[in-house]
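Note that these values count all heavy atoms, side chains included, but never hydrogens, waters or copies made by symmetry.
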Amino acid sequence: MDRHDRTSATDDTETCRADDTKARADDAESCRVDGEQARPTDGERAARLGSDLPAPRLARAILLVALLSYTLITMLNIAGTGLSPVAMTAALLALAAIFAIQLSHSAARPGSPLTRRRVLTLSAQALLTYGPILAFHAAWGSMAGFLAASVLLLLRPRVAWTLYALIGLSMIVPPLLEGRPVVDVVYLPESTLLTGLVIYGLSRLSALIRELVEARGELARMAVTEERLRFARDLHDLLGFSLSAITLKSELIHRLIPGHPARATAEIEDVLAISRQSLSDVRRVASGLREMSLEQEISSAESVLHAADILVTKQVGAVRLAKQADTVLATVLREAVTNLLRHSRAGRCTIEVDERDGVVRLSVCNDGVDPAYHDPSPHGGSGLGNLRDRIESVGGRMESARTDDGTFRLVAEIPSAKHPDPLTARDDSVAVGDSVA
């Protein structure tokens with residue numbers, strides 16, 4: 001190579017290096033701006049909603065205060081009967097035992113099976129409720145409300161509500177034995193049933209709040225997982241095509257450098273353009289704002305396939321697509337071309353886009369997958385599965401098959417903007433031009 005050629009090559013290298021440096025600076029600035037304007041992810045929003053809910057700790061505190069209040073009322077009633085210190089001590093111990101048992105019953109999860117331990121604690125609570133009535137009479141009646149709440153919390157509804165009513169009716173007996181007025185005879189059963197409902201309601205409310213917060217946390221984790229899957233899927237769809245194109249053009253450059261340096265320089269510029277576009281796509285994927293154009297993707301695919309010496313035939317009719325559907329079909333085409341470059345030795349490729357009966361149809365056909373091809377990568381990819389998920393999300397469907405004549409055909413169908421799917425309809429739409437080549 002003479003001095004003039006070396007100088008020209010050096011100038012081209014410096015120019016490419018300067019352009020690449022400028023592109024990296026532009027990408028960094030765009031990343032900074034996008035990062036400042038990035039919206040919270042679904043996981044962050046779900047976690048924020050969960051933090052706005054009443055804390056389970058607050059619900060348990062309210063339940064605890066209610067239980068303590070009812071226990072204190074019974075204690076005051078007993079203290080006013082003039083008991084001996086021994087009887088008062090026994091009453092306090094019984095109250096403490098009932099209070100502890102009720103805390104355990106109120107903490108039980110709804111729908112949990114009735115274990116042997118629960119049967120024993122419920123039986124003990126019944127004994128501690130009705131036994132002291134013989135000594136303390138109506139003054140001990142408030143504790144029957146705790147037992148009424150426990151049967152509602154632990155037993156099946158039909159049995160629980162029957163026992164609940166019987167417990168309330170049983171509280172008619174103590175005031176009658178003491179010869180109290182009719183008001184007391186009515187008041188004690190009514191207060192027992194009301195106490196049972198209040199404790200039952202507060203216990204269930206505490207459990208529901210706890211389950212709701214747990215569900216919110218699980219939703220937040222699921223949203224984060226879904227966001228990671230979306231990010232991985234978009235990276236696969238974007239970089240698979242870009243890296244395949246860069247590899248193909250780099251191999252072409254390697255062959256062109258000895259005999260056609262000018263054309264090699266042009267191909268290098270294409271590689272730089274593809275790499276810059278890849279950086280831009282990755283940035284947009286990270287911010288969740290990526291949109292693609294089917295029309296632009298057809299032109300890009302045509303250029304890459306021509307560089308691989310593949311004859312391209314395209315028949316693109318005039319169709320209208322919602323932006324989301326346009327992005328999905330562009331992704332389908334990109335993945336189809338990526339698979340063609342990676343897994344086949346095709347010599348021809350046909351790209352067709354048309355609209356029939358309110359359905360936009362994209363067809364990509366090439367003259368066969370190499371049966372002897374083996375991908376050396378330990379991860380074969382999941383491109384077609386990702387595409388099928390994307391298409392189904394906008395109400396479409398996808399088919400792929402190898403025909404008897406050795407060709408491989410991929411067909412994707414999506415409702416057009418004139419006949420949108422009601423779940424994915426959008427007001428904005430784009431048009432794909434009419435062309436045949």
pair [X]-[Y]: side-chain heavy atoms closer than 4.5 Å:
X	Y	answer
Arg156	Leu114	no
Leu163	Leu152	no
Pro132	Met143	no
Arg348	Thr350	no
Gln102	Leu153	yes
Leu103	Leu64	yes
Pro189	Leu169	no
Tyr130	Ile167	yes

Query raised in the report: Checking side-chain contact (heavy atoms from CB on, under 4.5 Å) for the pair His105/Leu154: CA distance, chi angles, key distance, verdict?
Result: CA-CA 7 Å; His105 292 170; Leu154 300 180; 3.6 Å; yes
Report task. With side-chain contact (heavy atoms from CB on, under 4.5 Å) as the test, would you mind laying out the steps for Ile62 and Leu205 before giving the verdict? Result -> CA-CA 10 Å; Ile62 294 174; Leu205 180 61; over 6 Å; no
Requested in this report: Please report the C-alpha distance between Val198 and Tyr70 in whole Å, then the side-chain angles of each, then the deciding distance to 0.1 Å, and finally whether the side-chain contact (heavy atoms from CB on, under 4.5 Å) criterion is met.
Outcome: CA-CA 11 Å; Val198 170; Tyr70 284 120; 3.8 Å; yes
Query raised in the report: Under 3.5 Å, is there a donor-acceptor pair between the Gln296 and Ser300 side chains?
Result: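 Short answer, no.
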Query raised in the report: Would Arg118 and Ser104 count as having a side-chain donor-acceptor pair, cut-off 3.5 Å?
Result: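 On atom types as modelled, these side chains qualify, holding a pair under 3.5 Å.
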Heavy-atom closest contact ([X] atom, [Y] atom, distance):
X	Y	answer
Ala107	Arg210	O-NH2, 4.1 Å
Gly196	Ala148	CA-CB, 4.2 Å
Arg204	Ala108	NH1-O, 4.0 Å
Leu193	Gly168	CD2-CA, 3.6 Å
Leu67	Phe146	O-CZ, 3.7 Å
Gly395	Pro415	O-CD, 3.6 Å

Which value, rounded to the nearest 0.5 Å, describes the distance between [X] atom [atom1] and [Y] atom [atom2]?
X	Y	atom1	atom2	answer
Lys249	Leu256	NZ	CG	10.0 Å
Glu413	Asp357	CD	CG	10.0 Å
Ile310	Asp367	CD1	CG	8.0 Å
Ser106	Leu63	OG	CG	5.0 Å
Leu329	Ile414	CG	CD1	3.5 Å
Thr195	Met171	OG1	CE	11.5 Å

Check: [Y] main-chain N/O paired with [X] side-chain donor or acceptor under 3.5 Å:
X	Y	value
Arg397	Val411	no
Ser275	Leu272	yes
Trp140	Thr129	yes
Asp354	Gly317	no

**Report entry** Results of ring-ring contact (aromatic ring centres under 6.0 Å, His included) for Tyr164 - residues two or more places apart only
**Finding:**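 Checked Tyr164 against ring-ring contact (aromatic ring centres under 6.0 Å, His included); matches are Trp161.
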Query raised in the report: Only one of Val359, Val353, Leu294 clears side-chain contact (heavy atoms from CB on, under 4.5 Å) with Val319; which?
Result: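 Single pass found, and it is Val353.
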Requested in this report: Scan Thr338, Val337, Thr331 and name whichever one has a side-chain contact (heavy atoms from CB on, under 4.5 Å) with Arg334.
Outcome: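 Result for side-chain contact (heavy atoms from CB on, under 4.5 Å) with Arg334: Thr338.
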Requested in this report: Any chance you could lay out the side-chain contact (heavy atoms from CB on, under 4.5 Å) test for Ile253 and Ile257, step after step, and finish with the verdict?
Outcome: CA-CA 6 Å; Ile253 292 168; Ile257 286 177; 3.9 Å; yes
Query - Exceeds 12 heavy-atom contacts within 6.0 angstrom, atom NE2 of His254 - result: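 Count not over threshold, so no.
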